[in-house]
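What follows is a single structure, written as structure tokens, with notes after it.
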Amino acid sequence: MSSASAQASTASALTVPVPLGERAYDILVGRGLIGTVGSRIAALGARAAAIVTDEHVGPLYAQAFSDALQTHGLRTSVITLAPGEATKSYASLERVCDAVLEAKIERGDLVIALGGGVIGDLAGFAAAVVRRGVRFVQVPTTLLAQVDSSVGGKTGINSRHGKNLVGAFHQPSLVLADTALLDTLPLREMRAGYAEVVKYGLIDDARFFAWCERNWRGIFEGGMERDEAVAQSCRAKAAVVVRDEHETGDRALLNLGHTFGHALEKITAYDSARLVHGEGVAIGLNLAFRFSAALGLCPISDAERIEAHLTSVGLPTRLSHVPGGCGTVDELLDAMAQDKKVKGGSLTFILAKGIGQSFIAPGIEAGKVRTFLMSEINASSS
Ligand SMILES: NC(=O)c1ccc[n+]([C@@H]2O[C@H](COP(=O)([O-])OP(=O)(O)OC[C@H]3O[C@@H](n4cnc5c(N)ncnc54)[C@H](O)[C@@H]3O)[C@@H](O)[C@H]2O)c1
Ligand SMILES: O=C(O)C(=O)C[C@@H](O)[C@H](O)[C@H](O)COP(=O)(O)O
Ligand SMILES: [Zn+2]
């Protein structure tokens, strides 16, 4: 990390502010940003940092990252966990909390998540509960984490009852998204993260969806389109989070595709070999639009356009695409019953009148969901 490359990357960093009052922070996006990490994190004024990472990311980036912090006077320790969704567990939480305490991290010090959404959600939750709240920094290393999970303060782990059912809102103090780190990300994970990029267009920005249709190859190849997509996604997410930090209203829109997606993740037992979060979201996005069309809310042509795009990128779109099967209708409904958007026992879905016209639909009858799921499963088997 030469100072020349640090200066070059400083010049090219895009800043997306998240103006949340006393919890305000910046998201920095740029290729090569990792070269400036030491000074940027040191500027937060901590004396020590516990870096949480996984066995894929650690060997690639943790040493240089830790060295950069030490050069700026921080004492560091590294906690390395197994990769994959199964790591968002009670057992891992205990491990991370104990390691953070072992490293004598004080409230004013830092927990740093160096990894994808699994590490970010887990380390963020540990930071929320250790000493009732330690500051933390997100250094997202997957497309999904750069465009979504590192922003907004949702942290947590999975339960055998469902996805992210144990957690806390705990905002980071800084997000550093170095888009060059995605150069080492496997294609399957790039695709999975891309589902969350497309989501922002489908929620309320039809022009961004059309931009994605034209520019997705640039995002995958690492051109300027990648930085633009990450920054634009962060702007879109930050705007919603600032309006509704704790999801009492509008923030639920960010859950588009997730009622179906989370149920599939639970049914596949959080086994990343079968289904990763972004793949569940891709299937869920398509199903949300197909369900909207089945209810007469949205033109089927919009659902078909979305499916065509997700398919061209290489993402799964149908229940039949879940390796090992998607479970029965009853299993799916059972999993959805634990969704955090359930109110008074009835399901809330994010539905749409068209691309970029999503809305929150509370009080959806389980019977309507059952009929829809049965038709989807029958369509797959015929
Ligand atoms: N908190 C939120 O707002 C929010 C938003 C979206 C998703 N999530 C959560 O995020 C999780 C999914 O995150 P994810 O898709 O990043 O998965 P992940 O963290 O499992 O990372 C995916 C895989 O890529 C590897 N990897 C990460 N960075 C790499 C790099 N630069 N080079 C090579 N390999 C790398 C990891 O080791 C892992 O095997 C889910 O648990 C989901 O629920 C949370
Ligand atoms: O930040 C949000 O709010 C989201 O809903 C973003 C989602 O992409 C993300 O998967 C989130 O973790 C889901 O939240 P949950 O409350 O349904 O667990
Ligand atoms: Zn998600």
Looking at every non-hydrogen atom in both residues, tell me the closest pair between V240 and D250 and how far apart they are. CG1-O, 4.0 Å

Heavy-atom closest pair (S312 atom, H309 atom, distance to 0.1 Å) is OG-O, 2.8 Å

Ring-plane angle category for F260 and F372, please: parallel below 30°, perpendicular beyond 60°, tilted otherwise. tilted

Just checking, is any N or O donor in the side chain of H277 or E265 under 3.5 Å from an acceptor N or O on the other one? yes

Is the shortest heavy-atom distance from the side chain of L143 to the side chain of V230 under 4.5 Å? yes

Among R23, R251, K154, find the one that has a salt bridge (charged side-chain N to carboxylate O under 4.0 Å, His left out) with E245. R23

Does the pair R131/D109 count as a salt bridge with the N-to-O cut at 4.0 Å? no

Flag side-chain contact, heavy atom, 4.5 Å: T141 against L114: yes

To the nearest 0.5 Å, how far apart are OG in S320 and CD1 in I377? 10.0 Å

Side chains of V175 and V18 in contact at under 4.5 Å (non-hydrogen atoms): no

Salt-bridge present (R226, D183; N to O < 4.0 Å): yes

Can you confirm whether D121 sits close enough to F125 that some side-chain heavy atom of one is under 4.5 Å from a side-chain heavy atom of the other? no

Does the side chain of T259 pick up a donor-acceptor pair with the side chain of N255 at under 3.5 Å? no

Looking only at the side chains, is there a donor atom on one of K340 and N164 sitting less than 3.5 Å from an acceptor on the other? no

What heavy-atom pair brings Q171 and G153 nearest, and what distance separates the two atoms? OE1-N, 3.3 Å

I'd like to know if V100 and V139 are part of one continuous hydrophobic network [Ile/Leu/Val/Met/Phe/Trp/Tyr, side-chain heavy atoms within less than 4.5 Å]. no

I want to check something: taking the side chain as every heavy atom from C-beta on, are T317 and L285 in contact at a cut-off of under 4.5 Å? no

Contact check, side chains of Y200 and L202, non-hydrogen atoms, under 4.5 Å: no

Check whether any side-chain heavy atom of L287 lies under 4.5 Å from a side-chain heavy atom of L319, and answer yes or no. yes

Distance only, no hydrogens: is a donor on one side chain within 3.5 Å (strictly under) of an acceptor on the other, for T179 and D227? yes

Step through the shown structure and confirm whether more than 12 heavy atoms of other residues, nucleotides or ligands are within 6.0 Å of CD on E331. yes

Residues I203 and L254: closest non-hydrogen pair is CD1-CA, 3.9 Å

State the CD1-CG distance between I355 and D302, to the nearest 0.5 angstrom. 4.0 Å

With heavy-atom distances below 4.5 Å as the criterion, would you say the side chains of P362 and K343 are in contact? no

Taking 4.0 angstrom as the limit, do E106 and R47 come out as a salt bridge? yes

Could you go through residues 59-67 and list every donor-acceptor pair under 3.5 Å that involves a side-chain atom there, pairing it with any protein atom two or more places apart or in another chain?
from	atom 1	to	atom 2	distance (Å)
Y61	OH	L181	O	3.4
Y61	OH	T184	OG1	2.7
Q63	NE2	D67	OD1	3.0
S66	OG	T76	OG1	2.8

Quick one: does NZ or CZ of K353 land under 6.0 Å from the six-membered ring centre of F359, within 45 degrees of the ring axis? yes

Is the ring pair F208/W211 parallel, tilted or perpendicular, if the boundaries are 30 and 60 degrees? parallel

Side chains of S89 and S92 only: does a donor on one sit below 3.5 Å from an acceptor on the other? yes

According to a hydrophobic-cluster definition based on side-chain heavy atoms being under 4.5 Å apart (Ile, Leu, Val, Met, Phe, Trp, Tyr only), do V147 and L187 belong together? yes

Looking at E307 and R318, is there a salt bridge between them, counting it only when a charged N and a carboxylate O are closer than 4.0 Å? yes

So the salt bridge (charged side-chain N to carboxylate O under 4.0 Å, His left out) pairs with at least one residue in residues 185-206 (sequence neighbours excluded) are D148-K199, R188-E279, E196-K199

On a heavy-atom basis, which atom in R274 and which in P323 lie closest, and how many Å separate them? NE-O, 2.8 Å

